[in-house]
Protein chains: 2
Amino acid sequence: METRYFPGDALTAFGTTALTAAGLEHDAADLTSRSLVWSDLRGTHSHGLLRLPLYVTALRSGGINPRPVLRWTRESGATAVLDADGALGQVAMNAAVERVSRLARENGVGVVSVQNSTHYGAGIHWTHQLADAGFAALVTSTTGPTVTPHGGTETVLGTNPFTATAPSADETHLTADMATSAGAYGKVVAARNENRQIPTGWAVDAEGQPTTDPEAALGGALLPFGAAKGSALSVLIEALSASLTTAAFAHQTQDIWVEESSRMNTGHLVIALDTGAFTGRTHTESRVRHLQERVRSSSRTGTRVYAPGDIEHETARRAGEDVTLAASTVELLDALAEDLGLSPLSTCV
Amino acid sequence: METRYFPGDALTAFGTTALTAAGLEHDAADLTSRSLVWSDLRGTHSHGLLRLPLYVTALRSGGINPRPVLRWTRESGATAVLDADGALGQVAMNAAVERVSRLARENGVGVVSVQNSTHYGAGIHWTHQLADAGFAALVTSTTGPTVTPHGGTETVLGTNPFTATAPSADETHLTADMATSAGAYGKVVAARNENRQIPTGWAVDAEGQPTTDPEAALGGALLPFGAAKGSALSVLIEALSASLTTAAFAHQTQDIWVEESSRMNTGHLVIALDTGAFTGRTHTESRVRHLQERVRSSSRTGTRVYAPGDIEHETARRAGEDVTLAASTVELLDALAEDLGLSPLSTCV
């Protein structure tokens with residue numbers, strides 16, 4: 001795959017300028033751009049600037065509200081419900097993380113459920129902020145309808161991502177961050193954009209037949225990972241992300257990737273546990289590091305074993321300040337820049 | 001497989017008598033026996049009375065403490081830490097569920113972490129109690145060391161079960177209840193006892209080679225379900241179940257199935273969200289039922305699709321008051337009765 005290198009700061013500035021041109025206020029544009037570039041830096045390009053053109057189009061066509069008025073519709077004990085008024089998911093999550101941190105600090109645990117949100121990028125961006133503050137964190141979300149339950153053929157479920165992070169004294173936190181589909185929807189889109197096939201087992205076509213063609217997969221249904229177990233996990237994430245608010249289930253929405261003006265009413269659930277309220281932050285972080293080290297040394301045959309989150313952390317460490325983008329993504333971003341009357345990204349090499 | 005039918009009440013009485021003979025107080029014996037028979041009634045025999053002989057042996061040899069003094073070592077806001085003093089997991093969970101219910105009712109969410117516990121049976125037994133009270137619930141646990149991380153060969157992880165339940169207005173709640181190993185440890189033990197092979201993909205032998213022989217699997221390592229994704233989930237469950245307490249990680253324990261006097265210091269995490277603190281119990285339960293119905297109708301080809309938890313609920317409904325046990329389990333229980341000087345189970349048909 002042909003790639004290009006860019007300074008991270010230049011990419012962030014490009015993203016912020018594009019989002020501001022699409023109507024976002026500067027702070028919202030900046031935090032969103034940072035979250036996307038952070039994913040690119042970690043090699044998670046499916047949740048990086050590849051998303052920017054869609055965000056811009058949706059902001060201009062009403063699928064995402066550029067000037068939302070966030071409203072706390074319920075506050076009770078250690079919990080709160082946020083109506084994000086169609087905001088970008090990053091804007092909603094920024095508010096949710098701040099609130100859940102306060103709730104967890106005061107009560108040992110905090111929970112924020114979110115309705116009327118949209119795509120929040122990579123969940124790990126939010127859980128690592130919570131882990132940096134000493135919280136164990138769990139974040140889930142609904143998405144557009146793309147996945148069929150185990151045994152089904154219809155796209156009843158979203159890719160239903162979840163992120164769980166345990167704070168660690170290691171260089172990086174311990175994090176499981178995944179779509180519960182066999183493959184991420186963004187990776188299927190990336191494969192289509194880059195003319196690559198997708199792995200067997202990721203999807204069925206519109207007739208329910210297995211396919212490795214990303215176009216056919218996007219017209220059919222993705223499959224949950226891990227057969228019946230992964231499917232059960234996915235259904236529960238859908239339930240927990242949408243039933244504690246008035247958020248829509250995936251099957252009740254039209255995907256913004258299909259119709260950019262679709263107001264998806266995405267739901268999120270954010271849970272933060274303050275390690276200080278249990279056996280103490282130092283204790284927990286040291287225990288988690290111990291587990292990471294034991295996982296890494298778990299092969300008798302000398303195979304390299306990664307603790308969850310290690311690969312992305314290493315990618316970011318190797319990258320330093322420079323971010324790699326696929327040439328196809330650069331082309332998309334240059335077209336976006338032209339559309340918005342901005343300088344093309346490819347000039348800032 | 002040869003089977004026998006028994007009235008549920010008779011089985012419960014048998015279990016209670018056996019556990020009392022092993023040193024448990026009546027109430028503890030009764031709640032434990034009920035939890036096991038409940039699993040058998042639902043067809044989840046791996047977590048049913050099959051476990052009774054081990055419980056009895058461990059209670060007599062010190063692996064499980066028959067007369068524990070449960071102690072709350074930390075109480076802070078909406079959280080609490082329970083030291084179960086080596087109690088049966090059912091005894092620990094009974095206390096944890098009561099406490100987490102109170103915390104959730106008062107704060108919208110409650111969290112109890114547990115250390116010095118043992119095997120708690122099927123997680124769904126506890127989350128359904130919480131769901132019956134209108135709580136969404138999440139329960140996780142460590143276990144003995146049986147699973148190797150994705151890419152590894154050593155049994156660093158437990159089967160790391162988790163149970164997530166969303167309360168529903170349907171006949172049954174929506175529940176994902178699973179070991180994060182490809183197969184449950186108890187099912188591998190059951191397969192060995194019944195001279196059956198285990199499915200491909202469940203395990204590797206001591207040399208790291210794939211095997212379908214349950215004996216070889218018990219001497220090697222189980223595999224996580226869902227490859228890298230399931231493995232990441234498993235590692236996070238291990239971290240969250242053991243690092244918020246002084247509980248042991250799986251690799252720091254000797255499995256009670258291997259050495260019955262092993263005091264495993266099992267850790268659990270219990271989270272309960274009060275639906276009443278969000279958009280209301282009626283709203284949530286009705287939304288969850290809607291999702292269950294949509295999942296069940298998700299096949300265009302007419303294939304029966306089950307919502308998570310449906311199969312076990314149907315088994316229990318069909319069973320009515322009568323519980324089916326494998327003849328091999330009845331033999332084990334009769335041998336146990338003889339050992340304890342009790343009437344054999346097979347006389348109460």
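Because the structure is a prediction, the values reported are computed rather than measured. Convention: sequence-line order gives letters A, B, ...; per-chain numbering from 1.
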Where on [X] is there a heavy atom nearer than 4.5 Å to chain A: the side chain, the backbone, both, or neither?
| X | result |
| --- | --- |
| B:Glu238 | both |
| B:Leu103 | neither |
| B:Ala242 | both |

Structural part of [X] lying under 4.5 Å from a heavy atom of chain B:
| X | value |
| --- | --- |
| A:Ala221 | neither |
| A:Arg300 | both |
| A:Val156 | side chain |
| A:Ile237 | neither |
| A:Thr165 | backbone |
| A:Ile311 | neither |
| A:Gln292 | neither |
| A:Phe162 | side chain |
| A:Leu174 | both |
| A:Thr155 | neither |
| A:Ala250 | neither |
| A:Ala247 | backbone |

Heavy-atom pairs under 4.5 Å with chain A: which of [options] has the most?
| options | value |
| --- | --- |
| B:Ser286, B:Ala136, B:Ala164 | B:Ala164 |
| B:Gly309, B:Ala78, B:Ser297, B:Gly108 | B:Ala78 |
| B:Leu236, B:Ile271, B:Val109 | B:Leu236 |
| B:Gly280, B:Ala182, B:Ala166, B:Gly152 | B:Gly152 |
| B:Thr175, B:Leu244, B:Val305 | B:Leu244 |
| B:Ala239, B:Ala176, B:Pro224, B:Ala307 | B:Ala176 |

inquiry  = Assess the residue pair B:Thr44 and B:Asp177 against the criterion (side chain to side chain contact (heavy atoms under 4.5 Å, CB included)); give the C-alpha distance rounded to whole Å, side-chain angles, the decisive distance to 0.1 Å, and a yes or no.
reply    = CA-CA 11 Å; B:Thr44 315; B:Asp177 182 40; 5.7 Å; no
May I ask you to name which of [options] has the most heavy-atom pairs under 4.5 Å with chain B?
| options | result |
| --- | --- |
| A:Gly226, A:Ser76, A:Gly77, A:Ala277 | A:Ala277 |
| A:Gly110, A:Ala228, A:Ser298, A:Ser243 | A:Ser298 |
| A:Glu154, A:Glu285, A:Glu75, A:Met178 | A:Glu154 |
| A:Thr153, A:Thr245, A:Leu233 | A:Thr153 |
| A:Gln252, A:Arg296, A:Glu106 | A:Gln252 |

Is a donor on one side and an acceptor on the other found under 3.5 Å between the side chain of [X] and the backbone of [Y]?
| X | Y | answer |
| --- | --- | --- |
| B:Asp170 | B:Val288 | no |
| B:Glu312 | B:Arg42 | no |
| A:Ser231 | A:His150 | yes |
| B:Thr266 | B:Ser117 | yes |

inquiry  = If you compare all heavy atoms of B:Gly151 against all heavy atoms of A:Ser299, which two are closest, and at what distance to 0.1 Å?
reply    =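 Answer, listing the atom of B:Gly151 first, then A:Ser299: O-CB, 4.0 Å.
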task = Compare every heavy atom of B:Ala104 with every heavy atom of B:Ala272, then report the nearest pair and how far apart it is.
result =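 In terms of heavy atoms, the two residues are closest at O-CB, 3.6 Å.
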Is there a donor-acceptor contact under 3.5 Å linking the side chains of [X] and [Y]?
| X | Y | answer |
| --- | --- | --- |
| A:Thr284 | A:Thr275 | no |
| A:His173 | A:Ser168 | no |
| A:Ser241 | A:Thr142 | no |
| B:Asn160 | B:Thr180 | no |

message = The test is side chain to side chain contact (heavy atoms under 4.5 Å, CB included); show your working for B:Leu269 and A:Leu273 and say whether it passes.
response = CA-CA 11 Å; B:Leu269 184 66; A:Leu273 309 184; 4.1 Å; yes
inquiry  = Does A:Arg71 have more than 12 heavy atoms from other residues, nucleotides or ligands lying within 6.0 Å of its CZ?
reply    =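 No, the 6.0 Å shell around CZ holds no more than 12 heavy atoms from other groups.
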request  = Please assess A:Leu138 against B:Leu240 for the test side chain to side chain contact (heavy atoms under 4.5 Å, CB included), listing each intermediate value before the final yes or no.
outcome  = CA-CA 11 Å; A:Leu138 188 66; B:Leu240 295 173; 5.8 Å; no
request  = Tell me, with the steps shown, if A:Val235 and B:Leu291 meet side chain to side chain contact (heavy atoms under 4.5 Å, CB included).
outcome  = CA-CA 8 Å; A:Val235 175; B:Leu291 180 63; 4.1 Å; yes
